[in-house]
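Below is one structure; the comments refer to it alone.
Here is how names work: the chains are called A, B, and so on, in the same order as the sequence lines, proteins then strands, and each is numbered from 1.
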Protein chains: 2
Amino acid sequence: MDQRHASALKAAGMKATPKRLAILEMLEAEPGYASPEELWKRLKDRFDRLGLPTVYRNLEELSASGVLSKVIHPNRQLYYYFCSNREHHHHFVCLSCRKVEDIPACGIEALEQEVSKRNGGKVLSHILQLNGLCGGCADNGEKQ
Amino acid sequence: MDQRHASALKAAGMKATPKRLAILEMLEAEPGYASPEELWKRLKDRFDRLGLPTVYRNLEELSASGVLSKVIHPNRQLYYYFCSNREHHHHFVCLSCRKVEDIPACGIEALEQEVSKRNGGKVLSHILQLNGLCGGCADNGEKQ
DNA sequence: ATCCTAAAACGAAATCATTTCTATTTAGAG
DNA sequence: CTCTAAATAGAAATGATTTCGTTTTAGGAT
Ligand SMILES: [Mn+2]
Ligand SMILES: [Mn+2]
Ligand SMILES: [Zn+2]
Ligand SMILES: [Zn+2]
């Protein structure tokens, strides 16, 4: 149905199944981020059969391929967000209403004040973390 | 015993119990971040009794009070790190050896290259997220 | 249009890191 | 030294997420 999403899936090397398309449609319509179970509960009505593991699996795959973005939440549960901005950027997420706002730049100190002043919101905390391999480990191809 | 840690605990309004001090000592000696269970297994030898929930509870409390820092890990398990740098800063963590390096500035794009070149490491991914309340939600004191 | 096969989905069950709960112990103020 | 709120034990519960063997399906090939 939705050619945009079908194309995105094809570009990601994934089959355009009805359930994947429904997940993308629902998440795109969502104003903020959503949990796998929330999406599952609402998607169940549109299919005679839909397993929660299927939702988990697809969200993770779509996130891994960059079609969806994952939210790092203090409660450490999984949340996903559909962001049409294909440029590299980061997010401001509201812990109350789950709204997600794009953050164009990456200067954190300046960013906090800017977000706080421009949107009138309050930044309670921020997470900045670089994951990777140090020099010694990058050499030999160790993992984990 | 360790006056520095006892003082840090006092400053945080926490009692300087032997187990808390042992947790801090062990984590300070650790070259990288560690999980609650790893610390527990090694601390058990030093006490006739030590519950895993106690380690979890103390790590979380110490993290909340800023004595320890929490690591955001792709496997979504809990890891903690003792950082003596009391200035506001961020971390580069190695997914292979768990080493943690301070990152003084917050310009992410520049940072990735800088970390990659200066330390010879490889940045596989980064997380930048601001958590807080948007304008609408900051007004009324809603939570979650 | 039909076949074929790797990919996707099912769904019950398992996993297991983390939390909860109640009784017991203890740090540290007075 | 006493007293009490804070801290801990330890068993049990929790529940989000994953696993697994089976069944179904998307989509390229014929
Ligand atoms: Mn975005
Ligand atoms: Mn540090
Ligand atoms: Zn390393
Ligand atoms: Zn909000």
Minimum-distance pair of heavy atoms, taken over all atoms of B:Asp2 and B:Glu25: CB-OE2, 4.2 Å
Verdict with reasoning, A:Leu9 to A:Thr17, per side chain to side chain contact (heavy atoms under 4.5 Å, CB included): CA-CA 9 Å; A:Leu9 288 172; A:Thr17 70; over 6 Å; no
[X] side-chain N/O to [Y] backbone N/O, donor-acceptor pair under 3.5 Å:
X: A:Ser63; Y: A:Leu59; value: no
X: A:Arg20; Y: A:Asn58; value: no
X: B:Trp40; Y: B:Tyr56; value: no
X: B:Arg76; Y: A:Arg76; value: yes

Pair B:Ser7, B:Arg4: side-chain N/O donor-acceptor within cut-off below 3.5 Å: no
Using distance alone, with no hydrogens and no angle criterion, decide if B:Glu30 and B:Tyr81 have a side-chain donor and acceptor under 3.5 Å apart. no
With nearest nucleotides of DNA chain D determined for A:Glu60 and A:Ala16 from heavy-atom distances, which residue corresponds to the more 5′ nucleotide? A:Glu60
Which residues in residues 37-58 of chain B have a heavy atom closer than 4.0 Å to any atom of DNA chain C? B:Glu37, B:Leu52, B:Pro53, B:Tyr56
Atom NZ of residue position B:Lys122 - does it have more than 12 heavy atoms of other residues, nucleotides or ligands inside 6.0 Å? no
If you walk 5' to 3' along DNA chain D, what is the first nucleotide with an atom under 4.0 Å of a heavy atom in chain B, and what is the last? D:dA5 to D:dT17
Under a criterion of less than 4.0 angstrom to any heavy atom of chain B, what are the 5'-terminal and 3'-terminal contacting nucleotides of DNA chain C? C:dA17 to C:dG28
Specify the residue among B:Pro36 and A:Thr17 whose closest nucleotide of DNA chain C lies further upstream toward the 5′ end. A:Thr17
Do B:His73 and B:Leu95 have side chains that approach each other closer than 4.5 Å (heavy atoms only, starting at C-beta)? yes
